[in-house]
Amino acid sequence: MKLRRPDHHALSAAVFTVATALVLTGCGSATGSDGSGKTDPSEVTLVVGTPNRAGLHRALLASGEGENTPYKIKYADFDSTQPLTEALRTGRVDIAAGGETGVLFAMANRSEIKVLAATRESRLGGSAILVRKGSPIRDLAQLKGKTIALPYYTHQHYQLAVALKRAGLSWHDVKVVNLDTAAGSAALNGKHADAFVVWDPNTAIAQTQQHARVLKPLKPVIDPPGMLYAPSAALDDPSKKAALRDLTRRVIRANAWVNKHPEEWAKSISRLSGIPLAAARLQVSRSRSMYEPVDKPTVAAWQKEVDYFKDLGQIPSAPVVKDSVQWDFAPVVEKAAAASDAGQGGR
């Protein structure tokens, strides 16, 4: 998928190499309907994509919701949303959850993606602009002319753009360098970048391990809902769509388990992802997300975002977001969320 990238200044290749971290634990294919109109989940394999080290993959495992399914589940882990949506476009991922920005960029570049549900963060979360310990930078205005490391096409990409605008800076007043999370952290610690824009658990690790300082938390700047999404091709297959309905319920129950068991969740993140427990606990302490059906205000927020990037010249045209919503999943999401809120979800 060829994307139009915003102008940026590349740092020296001798300093570090930009690499997208992609760990595929399996990419099974799914068998579709036999033509009889019946569905057979046992013939389906769903590949679950996760754009971070502490998201959907680990929540399904920690809660037990990824077990004893009438279909097979495999997992694919990515460093951020952009490589995940590329895998989804090519049929290597069947469902994913995370930030909306990369999905909107993919839609703008004609990827056939459908949104199944929206996700909201009710606490501060870990999206932030970080600076090194001892950095003289104290406010966003001081970033003018500075180098900022950012994984492009992420939720934080949009948050940074809006934060800069509100501080009286344009995108071109700073040097934004497209780096994955590992390279961005190395650039900040090695003094090759003045700031690093990232999310949890990366933010929590930088704070607890490298003593990075939060220059600006980004949720108060702007925070459109995230997405649970799937490729259109998967939803066109009756057997796979039935499996996706069931897995959507399990995703919502797993999220409810995460919210109700913070200490167990922190220990699970640490164990399953190799993250220091102190960082996992910090992440969990500032996060409480929820799934909800997609509604008109949510679609309007996503449309506003994609229109914003079109106006910045970072995408060629703005897609009509409402056309990419799988509206018939709304009752599934609403019922599962209500049951989880009533204490019926999770194990």
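These values consider heavy atoms only, across backbone and side chains, with no hydrogens, waters or symmetry-generated copies.
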query: Under a 4.5 Å cut-off applied to non-hydrogen side-chain atoms, are E100 and H155 in contact?
result: yes
Exercise. Does the side chain of L150 come within less than 4.5 Å of N178's, by heavy atoms?
Worked result: no
Looking only at heavy atoms, the pair that brings P224 and E305 closest together is CG-OE1, 3.6 Å
Answer yes or no: is there a donor N or O on one side and an acceptor on the other, between the side chain of S111 and the main chain of I113, under 3.5 Å?
no
Q.
What verdict does the side chain to side chain contact (heavy atoms under 4.5 Å, CB included) test give for L104 and Y158, after you've listed the backbone C-alpha separation in whole Å, the side-chain angles of each residue and the deciding distance to 0.1 Å?
A. CA-CA 11 Å; L104 294 173; Y158 182 45; over 6 Å; no
- Query: Going by heavy atoms in the side chains, are S287 and E121 under 4.5 Å from each other?
  - Reply: yes
>> How about CD on Q303, more than 12 heavy atoms from neighbouring residues, nucleotides or ligands closer than 6.0 Å, or not?
In response: yes
- Message: I'd like to know if K267 pairs up with E264 as an ion pair, taking the criterion as any Lys NZ or Arg NE/NH1/NH2 lying under 4.0 Å from an Asp or Glu carboxylate oxygen.
- Response: no
Worksheet entry | Donor-acceptor pair, side chain of T298 and main chain of V294, under 3.5 angstrom | no
field: Beyond-backbone contact of R253 with S340, side-chain heavy atoms, under 4.5 angstrom
entry: yes
To the nearest 0.5 Å, atom CH2 of W257 lies from atom OG of S268 at 4.5 Å
- Item | Intermediate values then yes/no, side chain to side chain donor-acceptor pair (under 3.5 Å), S135 and D194 | CA-CA 8 Å; S135 170; D194 301 289; over 6 Å; no
Distance col, row I315:CD1 vs M107:CE, nearest 0.5 angstrom, shows 11.5 Å
dist K260:NZ -> N255:CG (nearest 0.5 Å) comes out at 10.0 Å
*Heavy atoms from other residues, nucleotides or ligands near NZ of K219 exceed 12 (cutoff 6.0 Å)*: yes
Note to self: How about NZ on K216, more than 12 heavy atoms from neighbouring residues, nucleotides or ligands closer than 6.0 Å, or not?
What the structure shows: no
For G184 and F196, the nearest pair of non-hydrogen atoms, with its separation, is CA-CE1, 3.6 Å
* **Student check: side-chain heavy atoms of T81 and Y229 closer than 4.5 Å** => yes
* Should the pair W171 and Y152 be assigned to parallel (<30°), tilted (30 to 60°) or perpendicular (>60°) ring geometry? -> tilted
Exercise. Between the side chains of D246 and T69, is a donor N or O closer than 3.5 angstrom to an acceptor N or O?
Worked result: no
Evaluate side chain to side chain contact (heavy atoms under 4.5 Å, CB included) for L140 paired with I129, printing each intermediate quantity in order. CA-CA 9 Å; L140 294 189; I129 302 173; 3.7 Å; yes
Paired with V162, the side chain to side chain contact (heavy atoms under 4.5 Å, CB included) test is passed by just one of L218, D223, V221, namely V221
The residue among T181, T85, T154 that forms side chain to side chain contact (heavy atoms under 4.5 Å, CB included) with S80 is T154
- [ ] Could you walk me through whether D236 and K114 pass the salt bridge (Lys or Arg N to Asp or Glu O under 4.0 Å) test, one step at a time?
- [x] CA-CA 11 Å; D236 289 339; K114 292 291 187 179; over 6 Å; no
Rounding to 0.5 Å, atoms NZ (K191) and CZ (R132) come to a distance of 6.0 Å
Taking the side chain as every heavy atom from C-beta outward, state whether R286 and D200 have any atom pair closer than 4.5 Å. yes
Cluster question for you: counting only ILVMFWY and a side-chain heavy-atom cut-off of under 4.5 Å, with indirect links fine, are V332 and W327 together? no
inquiry  = Heavy-atom count check: over 12 atoms from other residues, nucleotides or ligands less than 6.0 Å from R110 CZ?
reply    = no
Closest non-hydrogen atoms of S317 and A108, given as atom of the first, atom of the second and distance, are O-CB, 3.6 Å
* To do: Determine, stepwise, if the pair V48 / V251 fulfils side chain to side chain contact (heavy atoms under 4.5 Å, CB included).
  => CA-CA 10 Å; V48 178; V251 166; over 6 Å; no
Please assess T248 against I95 for the test side chain to side chain contact (heavy atoms under 4.5 Å, CB included), listing each intermediate value before the final yes or no.
CA-CA 9 Å; T248 295; I95 187 170; 4.3 Å; yes
**Request:** Determine the interplanar angle of the H157 and F309 rings, folded into 0 to 90°, and report it as parallel if under 30°, tilted if 30 to 60°, perpendicular if over 60°.
**Result:** perpendicular
Looking only at heavy atoms, the pair that brings A280 and A266 closest together is CB-O, 3.4 Å
Cluster question for you: counting only ILVMFWY and a side-chain heavy-atom cut-off of under 4.5 Å, with indirect links fine, are I148 and W199 together? no
Quick check: is V198 connected to V176 through a chain of hydrophobic side chains (ILVMFWY, heavy atoms under 4.5 Å apart)?
no
So CD1 of I275 and CD1 of I205: to nearest 0.5 Å the spacing works out to 4.5 Å
Minimal heavy-atom distance between L228 and A97, with the atoms involved, is CD1-CB, 3.8 Å
For L235 and K241, the nearest pair of non-hydrogen atoms, with its separation, is O-CD, 3.5 Å
Notebook entry, point to check: For residues R58 and S273, is any side-chain donor paired with an opposing acceptor at under 3.5 Å?
Noted result: yes
When rounded to the nearest 0.5 Å, the distance separating CG of D328 from CG of L116 is 9.0 Å
